[in-house]
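So you know, we letter chains A, B, ... as the sequences are listed, proteins then strands, and number each from 1.
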Amino acid sequence: DAKTTQPPSMDCAEGRAANLPCNHSTISGNEYVYWYRQIHSQGPQYIIHGLKNNETNEMASLIITEDRKSSTLILPHATLRDTAVYYCIVRGQGGKLIFGQGTELSVKP
Amino acid sequence: KAGVTQTPRYLIKTRGQQVTLSCSPISGHRSVSWYQQTPGQGLQFLFEYFSETQRNKGNFPGRFSGRQFSNSRSEMNVSTLELGDSALYLCASSYGTGNTGELFFGEGSRLTVL
């Protein structure tokens with residue numbers, strides 16, 4: 001399974017867009033990019049996933065570069081409740097997710 | 001519909017004991033996977049079950065085992081507990097075994113080994 005690289009921490013002002021980058025240079029053609037987040041001591045929460053096209057849902061947008069070697073998760077209007085650790089994951093078959101260390105996002109008033 | 005349910009939520013054991021954790025997946029989900037989360041190692045994959053068969057296994061010693069029942073409920077067992085087994089154990093369920101569906105996580109079982 002491909003590995004991912006994320007910055008360990010980021011700050012964002014409340015109400016502004018949070019842009020979380022992820023590098024996955026060894027991703028293969030049939031592997032999806034998934035994003036999860038984990039608020040302290042809770043189970044990880046699914047955010048969004050994509051293969052090669054940009055995706056948007058009610059929580060976030062996912063921008064994947066054309067070569068698929070990197071992606072960006074965008075929270076359009078961050079709130080204090082978005083403070084969490086965000087994990088970028090490249091998923092092969094099945095339920096095996098390889099989590100990295102994630103990005104600790106702090107949304108500040 | 002109800003989410004993934006894990007029991008017990010908290011438990012304390014002593015070294016050498018064994019523990020069994022339970023996971024009830026979302027209704028209709030047939031795949032269950034287990035993860036261990038510790039401050040030092042982060043989230044690590046333990047194993048995955050689909051239709052009562054282990055489909056995938058992580059890099060953990062044989063003291064860690066699991067099974068899945070015909071109703072898709074799953075249990076994991078850790079024998080001869082060590083201090084380093086103290087962790088949050090998370091269960092996730094999904095409908096199938098492909099890589100295009102969401103995994104839904106439970107709130108976890110927090111194990112403390114003294």
More than 12 heavy atoms of other residues, nucleotides or ligands under 6.0 Å from CG of B/Asn71: yes or no?
yes

Among all residues two or more places apart in sequence or in another chain, which pass the salt bridge (charged side-chain N to carboxylate O under 4.0 Å, His left out) test with B/Glu75?
B/Arg67, B/Arg73

side-chain contact (heavy atoms from CB on, under 4.5 Å) between B/Phe105 and A/Leu97: does it pass, once the steps are laid out?
CA-CA 12 Å; B/Phe105 282 83; A/Leu97 301 179; 4.2 Å; yes

Kindly work out whether a path of hydrophobic side-chain contacts (I/L/V/M/F/W/Y, heavy atoms less than 4.5 Å apart) joins B/Phe104 to B/Tyr49.
no

Give a yes or no answer on whether the side chain of A/Tyr34 reaches the backbone of B/Leu103 with a donor-acceptor pair at less than 3.5 Å.
no

Measure the CD-NZ distance between B/Gln44 and A/Lys96 for me, rounded to the nearest 0.5 Å.
11.0 Å

For B/Gln37 and A/Tyr87, the nearest pair of non-hydrogen atoms, with its separation, is NE2-OH, 3.7 Å

Sorted by chain and number, sequence neighbours left out, side chain to side chain contact (heavy atoms under 4.5 Å, CB included) with B/Leu11 holds for B/Pro8, B/Lys13, B/Val19, B/Leu21, B/Leu111

Check for me, please, whether A/Tyr32 and A/Tyr46 land in the same ILVMFWY cluster - side-chain distances under 4.5 Å, paths through other members count.
yes

What about A/Met59 and A/Leu20, same hydrophobic cluster or not, with Ile/Leu/Val/Met/Phe/Trp/Tyr joined at side-chain heavy-atom distances under 4.5 Å?
yes

Kindly work out whether a path of hydrophobic side-chain contacts (I/L/V/M/F/W/Y, heavy atoms less than 4.5 Å apart) joins A/Ile48 to A/Val90.
yes

Do A/Ile64 and A/Leu73 sit in the same hydrophobic cluster, where Ile, Leu, Val, Met, Phe, Trp and Tyr count as joined when their side-chain heavy atoms come under 4.5 Å apart?
yes

Determine which residues belonging to residues 99-109 of chain A lie within contact range of chain B, meaning some heavy atom pair is under 4.5 Å apart, and list them by number or answer 'none'.
A/Phe99, A/Gln101

A/Gln38 portion near chain B, given a 4.5 angstrom heavy-atom threshold:
side chain

Closest non-hydrogen contact found for A/Pro44 with B/Leu90 is CD-CD1, 3.8 Å

Tell me every residue that passes side chain to side chain contact (heavy atoms under 4.5 Å, CB included) with B/Pro61, counting only those two or more places apart in sequence or in another chain.
B/Arg63, B/Phe64

